[in-house]
Amino acid sequence: MKANIVLLPGDGIGPEVVAEAVRVLEAVATAYGHQFAFSERLMGGCAIDRFGTALTDEVLVDCRASDAVLLGAVGGPKWDDPTATVRPEQGLLGLRKGLGVYANLRPVRVHPDLVDASPLKADRLAGVDILVIRELTGGLYFGQPKGRGRVNGRERAVDTLEYYEHEVRRVVELAFRLAQDRRRKVTSVDKANVLESSRLWRQVANAVAAEHSNTALEHMLVDTAAMRLISSPAGFDVIVTENMFGDILTDEASVLAGSMGLLPSASLGDSGPGLYEPIHGSAPDIAGRGLANPLGTILSAAMLLRYSLNLPREAAAVEAAVDAALSAGARSADLGGRLTTGETTAAVLAQLQQQPAALPA
Ligand code: IPM
Ligand code: MG
């Protein structure tokens, strides 16, 4: 198969980890007889420096025309002035909205050998296998009105938590679809005791659940969910939730896995290319020092193979290689080890070579 993949390395450690994921994708292409063409574009702080805006129309057009987009991370202290009118994060949000990728899949699994890397007690981590589906193009991030101004002589800021029924329905439906291949339990997280938008969310979730009698739906308030993720994480299967709740809960959930550097994500819409990125940020403090963990981005590339290129066998091979590398003791600095970014990738590539050879399609 031939695929055009746009790379948006971004800022901080973004370029380092994207380069590693490309090494893995190239190895997959060679082993399985695919042709992947990569084109690199600026997005984020680097694009602000060059073009004065985090996401140019040309870059969005190129992304839309691609088969998939692989992103590193955006942002950094250089562009962090709270009074700045252009911000790297605007590029990311513009890209998510511009690609219509309303569902952000963030799987959280605990590798048995990394139980000690998490601050949680080992018995809490047994059996943890969660898929968080975060709504990505609505809610508090995008609702209008949004802005700053003076009202009656006082400085005021407003953000709006807004959802249309169809926005809730499509992401909850996806949660139920993905639950079919899992343990068939969906936890819908909201704040329905306070927020009107959450009461709509809950009603829509109930309506979707009525169409899936083989799958259990539970509702959970977001504050309770934050607690349960730490006290009894193995009780979750699929979690589906509002944009900002999902942002916060997935950083929390990454602690279960031992390091944020391990967690991948896929952002999907109804059609068009998916957007793949690790959930970690640009980590400017360690940029350029070979300390970044590339596994979150490599696992994001695996999700790209699965969801955008429909190559489940290749995706599984990459995931198995990452698991095997961790089992064999590959540890980057965030996991308390000494491997550089490149050495961690090399450990994955070595395992990939031992995977069963590609079968004729
Ligand atoms: C994430 C990040 C982004 C978000 C930031 C960088 C805008 O935290 O992908 O989780 O809030 O969505
Ligand atoms: Mg986040």
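First listed ligand is number 1; within each ligand, the first listed atom is number 1. The shown structure was predicted, so the numbers you read here are calculated from the model rather than taken from an experiment.
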field: Minimum heavy-atom distance between Asn104 and Ser265, given as atom pair plus value
entry: ND2-OG, 3.3 Å
For atom 7 (C) of ligand 1, the protein heavy atom that lies nearest, with its residue and separation: Glu89 CG, 3.7 Å
task: Report the C-alpha separation of Val158 and Lys146 in whole Å, then their side-chain angles, then the decisive distance to 0.1 Å, and conclude whether the side-chain contact (heavy atoms from CB on, under 4.5 Å) test is met.
output: CA-CA 5 Å; Val158 60; Lys146 179 186 266 308; 5.7 Å; no
Protein N/O/S neighbour count - the Mg ion (ligand 2), strictly under 2.8 Å: 1
message: Are the side chains of Leu95 and Cys63 in contact, using a 4.5 Å heavy-atom criterion?
response: yes
message: For Lys78, is there an ion pair with Asp49 - N to carboxylate O distance below 4.0 angstrom?
response: yes
query: At their closest point, which heavy atom of Phe36 faces which heavy atom of Leu305, and how far apart are they?
result: CZ-CD2, 3.8 Å
field: Per-atom contacts, ligand 1 versus Arg106 - under 4.0 Å to a heavy atom
entry: 1 (C), 9 (O), 10 (O)
- request: Please list, chain by chain and in numerical order, all residues satisfying salt bridge (Lys or Arg N to Asp or Glu O under 4.0 Å) with Glu20, sequence neighbours excluded.
  value: Arg23
- prompt: Any N/O of Arg134 closer than 3.5 Å to an N/O of ligand 1?
  reply: yes
Cationic N near anionic O, under 4.0 Å, Glu343 to Arg331: no
Partners passing salt bridge (Lys or Arg N to Asp or Glu O under 4.0 Å) against Asp62 (at least two apart in sequence or in another chain): Arg41
statement: For Tyr141, the ligand 1 atoms with a heavy-atom partner under 4.0 Å come out as 4 (C), 11 (O), 12 (O)
- prompt: Tell me, which protein residue and heavy-atom name are nearest atom 8 (O) of ligand 1, and how many Å apart are they?
  reply: Asp247 OD1, 3.2 Å
query: So, is Arg96 polar-close to ligand 1, with some N/O to N/O distance under 3.5 Å?
result: yes
- prompt: Among pairs that include at least one residue of residues 234-258, which meet salt bridge (Lys or Arg N to Asp or Glu O under 4.0 Å), considering only residues two or more places apart or in two chains?
  reply: Arg134-Asp247, Arg182-Asp237, Arg183-Asp237
